[in-house]
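Right, one structure below, let's go through it.
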Amino acid sequence: MAAGSALELVQVTKTYGRVTAVDAIDLKIPAGAYCCLLGPSGCGKTSTLRMIAGHESVSSGDIIVGARNVTELAPAARGTAMMFQSYALFPHLSVLDNVAFALKMKGVAKTERHAEARKLLELVDMQDYGARLPAQLSGGQQQRVALARALITSPQILLLDEPLSALDPFLRLRMRAELKRLQRELGLTFIHVTHGQDEAMALADIVVLMNSGRIEQQGSPRDIFNHPRTEFVARFIGGHNVVAVGDETFAVRVDRLAVTRPQDAIDGPAIAGTINEIEYQGTYVLVAITVDDGTEISAQLSEEEFDAASFGVGERVTASFDPARASRLSSRNPATVTSPELVA
């Protein structure tokens, strides 16, 4: 198996007529990294992946794999392999022949290509299923076969287009752990498209969050979560409230929002509102608050905090936070915050 290569996108743009799907993005992914392209439908993440693979032409810009500019190369000449969302297995071929298919197209002898296919089926723990047809496999088993088929060409970069979306929730958790294990063992560069925040946070070394064809923010999962730079990032990643203090906008983690009764003393900016929902989540209690301006915020309280306060639905409360432990954002459309002395 080839070692992973670095990837660089330089001002890469994709247009469809007058519609710009990807807008002059720059991106560097180190060799051997697990990168997740994350974002809502229509943000440009799949178009970006398909341009890297060579399945979509680049309107302008350059794609560099390792030291090679591959922008104009055919998919098979790029050192990349694509694992499609639908898995795209040939229904009339056995599992073994599905995995070996790319080598067959290269003219590799049957004995040799089957030997290589068996190695990869063993790698993904499917060595006992080589004689079966795809229809005789579960969704998770089909995914493993598709992964082995993508790996047989010894790619430097493996491209995965929402590979877990067709699986049930339990299997999705199991298979994402398998993907991370394989990426770590093989040392390949993985670029994985997803719209699932939890999936990106669990898998990625680098998260690239896209919005309207542009990169909104990129960094480690912890950096993205703890230091969102824009309102879009804070809201899309989740686990944050977006609030304003004077002319500044903040993202405040739900576990860093304190909830008290109006008569209690507080430190820091405060938000007046009414509890509209209380949800017990096992290890914590989520308290949803309707702010007086009609927006909603949430606070995550420990069981001990909640039991001590005994809050109830419909009760007036004050939420507050420490600005030093919040992230300042570059745009605003948040709940209105007043100084503590002005909270009724």
Side-chain angles (χ1 to χ4, degrees), residues 4-9 12 14 21-23 25-53 55-56 63 65 80-87 143 146-147 150-151 155-167 169 171-230 232-240:
S5 288
L7 173 75
E8 183 174 3
L9 306 183
V12 169
K14 180 62 182 179
V22 179
D23 191 2
I25 64 171
D26 292 309
L27 176 63
K28 291 184 178 180
I29 300 172
Y34 200 126
C35 173
C36 280
L37 302 181
L38 174 66
S41 298
C43 72
K45 59 189 185 295
T46 298
S47 293
T48 299
L49 193 77
R50 290 179 62 82
M51 285 190 288
I52 296 168
H55 299 307
E56 292 278 1
I63 298 173
V65 174
T80 64
M82 185 100 162
M83 181 176 165
F84 295 96
Q85 183 177 356
S86 64
Y87 307 146
Q143 192 217 41
L147 181 59
L151 292 171
Q156 298 160 359
I157 298 176
L158 184 63
L159 308 171
L160 304 102
D161 183 12
E162 301 202 38
L164 307 179
S165 62
L167 305 179
L171 189 54
R172 192 177 302 134
L173 291 175
R174 179 180 168 192
M175 291 308 301
R176 80 184 188 192
E178 284 293 299
L179 283 176
K180 187 64 175 178
R181 177 187 67 81
L182 282 169
Q183 187 269 337
R184 193 164 44 233
E185 289 181 2
L186 297 172
L188 297 181
T189 307
F190 275 32
I191 303 176
H192 175 139
V193 160
T194 180
H195 60 266
Q197 299 91 323
D198 291 348
E199 194 171 298
M201 290 290 173
L203 286 168
D205 304 312
I206 302 168
V207 174
V208 178
L209 182 51
M210 297 186 68
N211 179 30
S212 300
R214 298 183 179 180
I215 295 174
E216 190 86 7
Q217 187 171 339
Q218 58 183 292
S220 70
R222 292 186 69 177
D223 181 59
I224 296 280
F225 184 80
N226 287 311
H227 306 289
R229 296 174 189 163
T230 68
F232 173 84
V233 174
R235 293 192 186 281
F236 189 85
I237 289 296
H240 291 81

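For R222, the CZ atom sits in a loose shell: 12 or fewer heavy atoms of surrounding residues, nucleotides or ligands are nearer than 6.0 Å.
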Please lay out, stage by stage, how D198 and R176 fare under the test side-chain contact (heavy atoms from CB on, under 4.5 Å).
CA-CA 11 Å; D198 291 348; R176 80 184 188 192; 4.2 Å; yes

One pair to check against side-chain contact (heavy atoms from CB on, under 4.5 Å): L38 and I237. What are the steps and the verdict?
CA-CA 10 Å; L38 174 66; I237 289 296; 4.0 Å; yes

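Under the side chain to side chain contact (heavy atoms under 4.5 Å, CB included) rule, I215 has a single partner from V22, L9, V208, which is V208. A side chain to side chain contact (heavy atoms under 4.5 Å, CB included) with I52 is found for one member of I29, I191, V12 and no other, namely I191.
The line from CD of E216 to OG1 of T230 is 3.5 Å long, rounded to the nearest 0.5 Å. In this structure, M51 CE and K14 NZ are separated by 7.0 Å, a value rounded to the nearest 0.5 Å. Atoms CG and CD, on L158 and Q183 in that order, are 9.5 Å from each other to the nearest 0.5 Å. Note: E199 CD to H192 NE2 = 3.5 Å, rounded to the nearest 0.5 Å. F190 CZ to I157 CD1: the interatomic distance, rounded to the nearest 0.5 Å, is 11.5 Å. The line from OH of Y34 to CG of L188 is 11.5 Å long, rounded to the nearest 0.5 Å.
Under the 4.5 Å side-chain criterion, counting only non-hydrogen atoms from C-beta, S212 is not in contact with D23. Using a 4.5 Å heavy-atom threshold, the side chains of L159 and H55 count as separate. Using a 4.5 Å cut-off on side-chain heavy atoms (C-beta onward), Q217 and V207 make no contact. Between L7 and T80, the closest side-chain pair of non-hydrogen atoms is not below 4.5 Å. Residues S41 and H195 fail the side-chain proximity criterion, which asks for heavy atoms closer than 4.5 Å. Taking 4.5 Å as the limit, every side-chain heavy atom of T48 sits out of range of all side-chain heavy atoms of L27.
Residue pairs that meet the ring-ring contact (aromatic ring centres under 6.0 Å, His included) test with at least one member in residues 205-227, sequence neighbours left out, are F225-H240. Within the structure, salt bridge (charged side-chain N to carboxylate O under 4.0 Å, His left out) pairs that include any residue of residues 39-48 do not occur (at least two apart or interchain).
Proximity of a side-chain donor or acceptor of Q218 to a complementary backbone N or O of I224 within less than 3.5 Å is not detected. Using a distance-only test at 3.5 Å, with no hydrogens or angles considered, no donor-acceptor pair links the side chain of R50 to the main chain of E56. Counting only distance, with no hydrogens or angles, the side chain of Q156 and the backbone of T189 share no donor-acceptor pair below 3.5 Å.
Considering all non-hydrogen atoms of both residues, F232 and P40 come closest at CZ-CD, 3.8 Å. Contact detail for R214 and I25: the closest heavy-atom pair is CA-CG2, 4.1 Å. Shortest non-hydrogen contact noted between P228 and N226 is CD-C, 3.5 Å. Across all non-hydrogen atoms, the minimal contact from A150 to A81 is O-CB, 3.2 Å. Minimum interatomic distance between R172 and S165 (heavy atoms only, all atoms of both residues): NH2-O, 4.0 Å. Here the shortest heavy-atom pairing between G4 and A31 reads O-CB, 3.5 Å.
Between R184 and D205 no salt bridge is recorded (no basic side-chain N to carboxylate O distance below 4.0 Å).
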